[in-house]
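Working notes for the structure below.
In the text below, chain A, chain B and the rest are named by the order of the sequence lines, each starting its count at 1. Not measured: the values here are computed from a predicted model. Atoms considered below: every heavy atom in the structure, side chains included; atoms not considered: hydrogens, waters and symmetry mates.
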Amino acid sequence: MKIATFNINGIKARIEALPRWLAEATPDVVCLQEIKSQDDGFPAQMFRDMGYEVQTHGQKAFNGVALLSRLPMTDVVRGLPGDDDDVQARWIEATVTGARAVRVCGLYLPNGNPAPGPKYDYKLAWMARMQARVKTLLAGEMPLVFAGDYNVIPQAMDAAKPGGWMTDALYLPDTRAAYRRLVNLGLTDAFRVREPGAGHYSFWDYQAGAWERNNGIRIDHLLLSPQAADLLSNVAIDRAVRGGDKPSDHVPVWVTLDA
DNA sequence: ATGGTCGCAAGGCGA
């Protein structure tokens with residue numbers, strides 16, 4: 001089972017690049033972030049025609065997440081539990097069944113800038129809510145995949161120029177500590193199982209020639225529960241997508257599980 | 001360097 005995460009930065013702007021990548025990468029499951037569309041504005045039929053079931057959790061203009069799956073999806077949950085007043089569409093989960101049943105959670109963690117401030121407070125509160133949700137799901141002992149745009153640079157090696165991120169919400173000590181608390185629940189950063197070295201990124205800003213200078217950061221992650229980590233077979237970042245026509249500022253990251 | 005470049009949606013916010 002090939003499971004990918006891809007922050008597409010607007011479905012309307014990626015209406016050609018996303019199907020192009022799907023056709024060549026042929027993932028079984030895709031967690032999309034920043035669809036920037038309401039549910040009824042998402043071109044679900046286009047993806048159904050490519051063999052995917054579609055589940056969306058959209059929002060007008062901002063945020064919005066979706067799941068695409070070539071395998072049956074059941075028990076869909078929209079929205080991160082823990083705050084009924086939160087109107088931002090940043091979380092969707094479903095059980096995907098191939099040879100094994102896997103619970104896939106797609107997430108778009110808040111950016112949090114500027115920090116300090118209310119947006120940063122929201123980011124940390126959201127991470128605490130995610131911590132609680134992960135704990136609840138871990139108790140179910142099903143293989144779990146938490147895939148998405150975490151807006152977290154876990155370590156200095158995950159940025160080309162870590163010095164430039166010192167006061168940024170993606171890299172502040174409180175951000176990295178909250179991310180470590182998630183990992184310390186027993187989750188595995190799938191990418192780091194295969195690649196312990198520096199120089200691997202998933203995002204390059206549109207500004208200041210970041211892509212041309214390879215001034216990137218690794219902020220799109222797949223965290224695996226122990227039962228999912230035991231099934232891990234392969235993982236990669238589809239870096240070349242950033243150099244394609246009309247690209248997102250993020251590229252896909254994926255794992256294959258023996259499931 | 002308070003810039004720079006995108007996307008959404010139709011002005012300014014978010015990243």
Aromatic ring pairing A/Phe6/A/Trp21, orientation class (parallel under 30°, perpendicular over 60°, tilted between): perpendicular

Besides A/Val87, the hydrophobic cluster formed by Ile, Leu, Val, Met, Phe, Trp and Tyr side chains linked at under 4.5 Å, directly or via other members, contains none

Show which residues join A/Tyr171 in its hydrophobic cluster (side-chain heavy-atom contacts under 4.5 Å, direct or indirect), or state none. A/Ile153, A/Trp165, A/Met166, A/Leu170, A/Phe203, A/Ile217, A/Ile219

DNA chain B contacts among residues 39-47 of chain A, heavy-atom distance under 4.0 Å: none

Using a heavy-atom distance cut-off of less than 4.0 Å, which residues of residues 110-123 of chain A contact DNA chain B? A/Asn111, A/Lys119

When the distance from CG of A/Asn7 to P of B/dA15 is rounded to whole Å, what number comes out? 11 Å

Tell me: CD of A/Glu34 to P of B/dG14, nearest whole Å? 13 Å

Does anything in residues 41-51 of chain A pair up under salt bridge (Lys or Arg N to Asp or Glu O under 4.0 Å), and if so which pairs, sequence neighbours excluded? none

Name all residues meeting the side-chain contact (heavy atoms from CB on, under 4.5 Å) criterion together with [X]; count only those two or more places apart in sequence or in a different chain, and write none if there are none.
X: A/Phe62; answer: A/Gln59
X: A/Ala177; answer: A/Arg180, A/Arg181
X: A/Ala198; answer: A/Met157
X: A/Asp83; answer: A/Asp85, A/Asp86, A/Arg129

Can you check the distance between [N] and [M], where both ends of the measurement are the [atom1] atom (answer in whole Å)?
N: B/dG12; M: B/dA1; atom1: P; result: 28 Å
N: B/dG11; M: B/dC6; atom1: C1'; result: 16 Å
N: B/dT2; M: B/dA15; atom1: P; result: 22 Å
N: B/dA9; M: B/dG14; atom1: P; result: 15 Å

Letter by letter from the 5' end, nucleotides 2-11 of chain B scores (B base, S sugar-phosphate only, - none; protein heavy atoms under 4.0 Å) --BBSBSS--

Identify whether any heavy atom of A/Tyr108 sits under 4.0 Å from a base atom; if not, whether one sits that close to sugar-phosphate; answer base, sugar-phosphate or nothing. sugar-phosphate

Give A/Arg213 one of three labels, base, sugar-phosphate or nothing, depending on what nucleic acid heavy atoms sit under 4.0 Å from its own. nothing

Any side chain to side chain donor-acceptor pair (under 3.5 Å) involving residues 151-164 of chain A? Give me the pairs, sequence neighbours left out, ordered by first then second residue. A/Asp158-A/Arg192, A/Asp158-A/Arg218

Any side chain to side chain donor-acceptor pair (under 3.5 Å) involving residues 22-38 of chain A? Give me the pairs, sequence neighbours left out, ordered by first then second residue. A/Thr5-A/Gln33, A/Asn7-A/Glu34, A/Asn9-A/Lys36, A/Asp28-A/Arg70, A/Glu34-A/Tyr108

Can you find a side-chain donor-acceptor pair between A/Asn214 and A/Arg239 that sits under 3.5 Å? yes

